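A quick note: this is a predicted structure, and the numbers were derived from the prediction, not measured. Order of listing sets the numbers, starting from 1, for every ligand and every atom in it. Numbering starts at 1 and runs along the sequence shown.
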Amino acid sequence: MKSYNFYAGPAILPEKVLKKAQQAVGNFADMNLSILEISHRSKQFTAVMEEAEELVRSLLNLSDEYAVLFLTGGASSQFYMSAMNLLNKKAAFLDTGTWSAKSIKEAQKFGEIDIVASGKDKAYTYIPKDFNLSPDHEYLHITSNNTIFGTQWHEFPDVDIPLVCDASSDIFSRPLDLSKFGMIYAGAQKNVGPAGTTLVIIRKEMLGKVDRQIPTMLDYNTHIEKKSSFNTPPVFPIYVCMLVFRWLRENGGLEAMEAHNKKKATILYDTLDSSELFYGVVDKADRSLMNVTFKIKDDSLNDAFNQLAEENGCIGVKGHRSVGGFRASIYNAMSVEGIEKLCEVIQNFEAKYA
Ligand code: PMP
């Protein structure tokens, strides 16, 4: 039986990428060595790093104003690293869930943070869009897709200060107008590749404006100067990310991905909306195309549904432990076939229990 991977992260990767990665573990670039054992200074790996950066640049139409970095420490390290490098006195943050709350907590260690709006009043089931900024806000931090709650910014806020954005769970799922962003960061393990590297895209003019001393490893300028190889980068994860970027390009780039993602999410949300037993948790306008959160009206049926899903090869649909219910993570590599399978399971379950 085929398994369909609905895990939130680490998450599904394209089959073609996994096959190529397997080959590289055996023999990489005809070196008769494994990708796991080659030097990060070898010309073969330098070529991977360069191609990965080039592909990010072309997929996102990035100009030279932006640096592209592959770092470590997960998106969680970017919560403090971004503030350490960018925040002098005061910044504005939008609180749209667990991950933005964590980013706020870390940034507060480096300056004054105004939480200009929060979705906490309704258990983060919507994106708060009414807020005011003041002239002394140096940037606005947002989380583009809230992995746990299943909300997503569909139109980014129109503000005249730079956006700093945690895009861990929706980067490369749609085209982005980069001109609004001073910085974007994303842990790789959802829509980009395996766990182990974090993509950072930063407008270089954002840097050099803070007064504090920054440890060498935490200074973006270090990694810009050394092309993400100041210390040993995670060679294998970066290689797999590069394969994913190739796959994105071969499959039509980000416009095509957006159409594919919209199609999948529509099929799943329509199934939930026409159900008498299941319901989508978040406001329709803010529904995520990446993480579809839903519940059963009678939650004593949760275990039975989870079991049926697993019996049918739909793995990882359990909601985050902090919110319960269900969550289908349907990143770029999820097929329409996988969505149809999950919808079939939902409908069969409903036929039995509604
Ligand atoms: N931000 C978001 C939106 C996330 O979904 C996650 C991980 N689930 C994180 C940050 C934390 O990422 P990491 O585990 O790479 O530190």
Side-chain angles (χ1 to χ4, degrees), residues 5-13 69-84 93-107 109 118-120 124-128 140-154 156 163-174 176 181 183-201 217-218 223 228 233-234 236-238 240-241 244 261 281-282 286-293 316-334:
N5 182 355
F6 291 95
Y7 280 127
I12 185 167
L13 288 166
L69 303 174
F70 292 91
L71 304 182
T72 52
S76 299
S77 294
Q78 294 310 310
F79 296 161
Y80 62 81
M81 202 168 155
S82 55
M84 190 184 257
F93 274 60
L94 287 164
D95 171 27
T96 53
T98 310
W99 299 111
S100 21
K102 289 192 181 193
S103 68
I104 290 165
K105 185 170 169 235
E106 294 305 303
K109 295 172 183 166
S118 170
K120 200 172 182 179
Y124 296 116
T125 53
Y126 74 110
I127 299 268
L140 172 67
H141 183 283
I142 63 169
T143 311
S144 54
N145 183 72
N146 298 281
T147 326
I148 294 177
F149 296 95
T151 58
Q152 186 176 25
W153 285 91
H154 293 295
F156 287 106
L163 290 176
V164 171
C165 178
D166 175 1
S168 291
S169 48
D170 69 350
I171 193 159
F172 300 117
S173 67
R174 54 180 166 173
L176 278 184
F181 294 87
M183 175 181 167
I184 297 183
Y185 59 92
Q189 66 274 13
K190 294 158 202 305
N191 229 2
V192 187
T197 189
T198 308
L199 179 65
V200 170
I201 297 166
M217 264 299 282
L218 301 183
H223 301 287
S228 304
F236 186 59
I238 293 172
V240 181
C241 290
V244 171
N261 289 328
V281 180
V282 306
D286 301 325
R287 283 173 161 178
S288 168
L289 301 185
M290 297 281 99
N291 307 98
V292 176
T293 47
V317 295
K318 224 175 171 174
H320 189 268
R321 60 193 179 282
S322 63
V323 293
F326 297 93
R327 168 178 56 176
S329 297
I330 55 173
Y331 301 117
N332 287 342
M334 172 57 67

Starting from [atom], find the nearest protein heavy-atom neighbour and note its residue, name and distance.
atom: atom 1 (N) of ligand 1; value: Asp166 OD2, 2.6 Å
atom: atom 11 (C) of ligand 1; value: Trp99 CZ3, 3.5 Å
atom: atom 16 (O) of ligand 1; value: Ser76 OG, 2.6 Å

Legend entry - Per-atom contacts, ligand 1 versus Gly74 - under 4.0 Å to a heavy atom: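 Per the distance check, 15 (O), 16 (O).
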Inset, instruction - Give the numbers and elements of all ligand 1 atoms closer than 4.0 Å to a heavy atom of Asn145. - result: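 Near Asn145, meaning under 4.0 Å from one of its heavy atoms, ligand 1 has 3 (C).
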Legend entry - Close approach, Lys190 and ligand 1, non-hydrogen under 4.0 angstrom: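 The answer is yes: ligand 1 sits under 4.0 Å from a heavy atom of Lys190.
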Legend entry - Donor-acceptor under 3.5 Å (His223 side chain, Leu218 main chain):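 Checking the backbone N and O of Leu218 against the side chain of His223, no donor-acceptor pair under 3.5 Å is found.
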Inset, instruction - Check for a donor-acceptor pair, side chain of Thr125 on one end and backbone N or O of Val281 on the other, with a separation under 3.5 Å. - result: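 Between the backbone of Val281 and the side chain of Thr125 there is no qualifying donor-acceptor contact (under 3.5 Å).
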Inset, instruction - Return the orientation label for the Phe79 and Tyr185 ring planes: parallel under 30°, perpendicular over 60°, tilted otherwise. - result: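 If you compare the ring of Phe79 with that of Tyr185, the planes turn out perpendicular.
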Inset, instruction - For residues Pro234 and Thr197, report the shortest heavy-atom separation together with the two atoms involved. - result: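 Smallest interatomic distance, heavy atoms only, reads CG-CB, 3.8 Å.
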Legend entry - Neighbour count >12 (heavy atoms, 6.0 Å) for atom OH, Tyr7: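 No, not enclosed.
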Inset, instruction - Measure Ala75 to ligand 1 on non-hydrogen atoms and call it side chain, backbone, both or neither using the 4.0 Å cut-off. - result: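 The answer is both, backbone and side chain.
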Quick check: [X] and ligand 1, any N/O pair under 3.5 Å apart?
X: Gln189; value: yes
X: Phe79; value: no
X: Thr147; value: yes
X: Ser169; value: no

Legend entry - Met183 side, atom CE; Met81 side, atom CE - distance, nearest 0.5 Å: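 Spacing of CE (Met183) from CE (Met81) equals 7.5 Å.
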